[in-house]
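Side-chain atoms are counted along with the backbone in the values below, which use heavy atoms only and exclude waters and symmetry mates.
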Amino acid sequence: MIIVAENKKNHYELANIAQIFFPNETITPVERLEQPPAEGETLVRTFSVEEGDRLCNRVEIRFGDGQELSGEEMSENNQHDSVLSMGRVLYQLFVKRTGRQMDWGVLTGIRPVKVARVLRKQGKTPQEIQEIFCNQYLTRPEKAQLCIDTDRNQAQVIDSALPHGYSLYLSIPFCPSRCSYCSFVSHSIEKTWKLIPDYLEKMLVELRQTAEIAREKGLRLQTVYMGGGTPTVLTAEQLERVLSAVREEFDFSDCTEFTVEGGRPDTITEAKLDALRRCGVDRISINTQTTNDHILEAIGRKHTAQEFFDKFALAKTKGFHAINVDLIAGLPGEDEASFCRSLDQVIGLGAENITVHSLTVKRAARLAEEKKQLLPAGERQAQATPVSRMIDYSQQALRATRYEPYYLYRQKNTIDCLENVGYSKPGTACQYNIFIMDETHTILSVGGGGVTKMVMPGAAGAESWDNVRIERIFNLKYPYEYISRFDTILERKQKILEYPL
């Protein structure tokens with residue numbers, strides 16, 4: 001599909017809207033058509049014409065099979081309204097072509113809750129915010145309400161951010177084996193376990209350097225999060241060595257949360273849980289994704305549902321403030337009844353946090369590599385509906401049992417363009433998750449694949465949701481790169497000292 005848009009600023013949004021309707025097509029936005037489209041290729045033409053102080057935004061589509069559709073809408077003569085208006089016209093034409101309405105309408109961004117927050121800070125009432133979501137962005141009322149509720153539930157954490165506050169992220173990019181849907185930069189320890197000792201030595205050096213920089217900048221540590229990968233592939237001794245170094249090197253005077261992703265139940269032992277508690281870890285994740293043994297085997301998880309139940313019960317005896325459990329809606333082979341049963345079982349365990357993900361298969365995942373198309377183009381409408389119902393059920397069941405949504409994000413290549421939502425019982429929301437989604441809080445990252453985000457004041461008078469500027473410093477991704485080019489990591493990290501906070 002070729003999208004002709006003279007205003008290059010429209011390319012990104014228009015291409016994203018096209019991609020959600022036609023996920024298997026290559027979408028090419030261009031400023032002008034240099035040559036006729038190939039036979040069978042869809043051509044989208046967009047243009048705006050000034051009419052006084054307003055714009056007439058028009059879209060014309062000729063599909064590969066010869067069908068032609070067109071539409072137009074008036075908007076204010078400014079960039080934001082024009083892009084949104086053009087997107088709505090394109091969206092409605094695709095709805096007419098496919099017969100499908102998308103739950104999130106023309107909202108294609110990762111962080112839709114930010115829209116609700118900005119509108120709230122502008123003085124809009126919840127009813128006015130919902131009307132804007134539904135009328136301007138064409139979202140389902142249920143999704144608009146989800147954003148409003150999530151914004152309300154996370155506002156207290158966001159407002160508690162300290163001046164010069166920051167979070168520390170520790171990356172352990174190793175897993176016991178790779179799940180078929182996973183696209184994270186992580187390596188199976190079956191092949192790379194020999195790298196772990198050297199990796200940890202380098203990581204401890206970077207950790208000390210990062211602590212020195214934080215002290216020099218006068219930063220105040222609020223949360224610590226160790227993720228992966230699967231951090232609990234480390235031995236109890238290795239975990240304690242790294243986490244003890246964190247406690248020794250960083251000032252924990254203002255720190256109110258210390259999370260470690262246990263992740264896979266088959267990597268968790270009592271010795272490791274005890275090591276975490278000795279180091280002050282108060283929140284962990286034990287992620288099963290499903291409690292259906294057949295599905296666990298099919299997606300490459302090397303544990304059973306009973307192992308998950310056993311490790312969860314063990315962790316409950318250790319006194320963690322919060323335990324999170326991840327579930328995935330839309331796993332290949334899992335039907336609605338199986339997903340709902342998994343969710344009900346996890347709710348019954350009393351997990352303080354439950355995160356419900358919609359399956360996302362990216363190019364780096366084995367499912368994509370094996371070309372197991374979960375939603376082939378011709379079957380997309382029929383197969384997506386059950387997954388949407390799984391997500392709807394999760395919201396109803398969790399709210400009915402006193403869980404509230406506290407963070408939300410969306411990803412590309414997600415089934416039915418749905419969302420990932422973290423739910424928590426009162427007083428147990430993960431602060432780090434809120435901070436990293438909100439992007440108004442500095443994150444210092446240590447380890448392979450870590451991304452440091454320096455949040456700084458924006459330019460005076462700049463038009464921005466938060467009037468902040470974000471600078472990112474990327475660590476090399478793969479463990480062997482991290483080890484072999486470690487001097488590069490340290491050089492990049494020194495750049496933090498150059499940024500005003």
Run the side-chain hydrogen bond (donor to acceptor under 3.5 Å, both in side chains) test on Asn420 and Gln411 for me, step by step, so that the C-alpha distance in whole Å, both residues' side-chain angles and the decisive distance to 0.1 Å come before the verdict. CA-CA 8 Å; Asn420 308 305; Gln411 295 171 279; 3.0 Å; yes
Do Asn7 and Glu31 have side-chain N/O donor and acceptor atoms under 3.5 Å apart? no
Sequence-distant partners of Glu336, side chain to side chain donor-acceptor pair (under 3.5 Å), two or more places apart: Arg389
Salt bridge (charged side-chain N to carboxylate O under 4.0 Å, His left out) for Glu6 and Arg32? Distances and angles first, verdict last. CA-CA 6 Å; Glu6 292 183 358; Arg32 60 186 61 83; over 6 Å; no
Could you list the residues that satisfy side chain to side chain donor-acceptor pair (under 3.5 Å) with Thr256, not counting sequence neighbours? Gln431
Between Asn353 and Arg283, do the side chains contain a donor N or O and an acceptor N or O under 3.5 Å apart? yes
Please step through side-chain contact (heavy atoms from CB on, under 4.5 Å) for the pair Gln154 and Val113, ending with a clear verdict. CA-CA 10 Å; Gln154 66 185 27; Val113 176; 3.5 Å; yes
Are Arg58 and Ser70 close enough that a side-chain donor and a side-chain acceptor fall under 3.5 Å? yes
Between the side chains of Ser167 and Gln222, does any donor sit under 3.5 Å from an acceptor? no
Any donor and acceptor pair, going by atom type alone, linking the side chain of Gln19 with main-chain N or O of Glu25 inside 3.5 Å? yes
Before you tell me yes or no, could you show the steps for Thr288 and Asp326 under side-chain hydrogen bond (donor to acceptor under 3.5 Å, both in side chains), namely the whole-Å CA-CA distance, both residues' side-chain angles and the distance that decides it to 0.1 Å? CA-CA 6 Å; Thr288 186; Asp326 280 7; over 6 Å; no
Crowded around Arg402 CZ? As in, over 12 foreign heavy atoms under 6.0 Å? no
Evaluate the ring planes of Tyr137 and Phe133, with Trp represented by its six-membered ring, and classify them as parallel (under 30°), tilted (30 to 60°) or perpendicular (over 60°). tilted
Measure up the Phe94 and Phe22 rings against each other and bin them: parallel (under 30°), tilted (30 to 60°), perpendicular (over 60°). perpendicular
Could you walk me through whether Met226 and Ile172 satisfy the side-chain contact (heavy atoms from CB on, under 4.5 Å) test, starting with their C-alpha distance in whole Å, then the side-chain angles of each, then the deciding distance to 0.1 Å, before giving a yes or no? CA-CA 7 Å; Met226 176 183 274; Ile172 306 295; 4.0 Å; yes
Going by distance alone, is a donor N or O of one side chain under 3.5 Å from an acceptor N or O of the other, for Ser285 and Asn324? yes
Short N-O contact, Glu439 and Lys453, less than 4.0 angstrom: yes
Looking just at side-chain N and O atoms, do Glu131 and Gln136 make a donor-acceptor pair shorter than 3.5 Å? no
May I have the step-by-step check of ring-ring contact (aromatic ring centres under 6.0 Å, His included) for Tyr91 and Phe21, ending in yes or no? CA-CA 9 Å; Tyr91 173 90; Phe21 283 94; 5.4 Å; yes
Assert yes or no for the condition that the ring centre distance of Phe258 to Phe252 is strictly below 6.0 Å. yes
Which is it for Gln145 and Asp149 under the side-chain hydrogen bond (donor to acceptor under 3.5 Å, both in side chains) test, yes or no, and what are the steps along the way? CA-CA 6 Å; Gln145 190 62 50; Asp149 292 343; 2.9 Å; yes
Partners passing side-chain contact (heavy atoms from CB on, under 4.5 Å) against Ala429 (at least two apart in sequence or in another chain): Tyr406, Ser424, Ile434
Pair Leu221, Asp251 - check side-chain contact (heavy atoms from CB on, under 4.5 Å), show working. CA-CA 7 Å; Leu221 180 64; Asp251 182 355; over 6 Å; no
More than 12 non-hydrogen atoms from neighbouring residues, nucleotides or ligands closer than 6.0 Å to CD1 on Ile110, yes or no? no
Between Glu261 and Tyr225, is a side-chain hydrogen bond (donor to acceptor under 3.5 Å, both in side chains) present by the stated rule, with each step listed? CA-CA 8 Å; Glu261 283 189 8; Tyr225 193 104; 2.5 Å; yes
Audit row: Asp81, Arg88, salt bridge (charged side-chain N to carboxylate O under 4.0 Å, His left out) steps and yes/no: CA-CA 10 Å; Asp81 285 344; Arg88 280 195 298 264; over 6 Å; no
Between the side chains of Asn413 and Thr360, does any donor sit under 3.5 Å from an acceptor? no
Arg410 and Asp103 ion-paired at < 4.0 Å: no
Any carboxylate oxygen within less than 4.0 angstrom of a Lys/Arg side-chain nitrogen, looking at Arg120 and Asp151? yes
Is it the case that Ser358 and Glu419 place a side-chain donor and acceptor less than 3.5 Å from each other? no
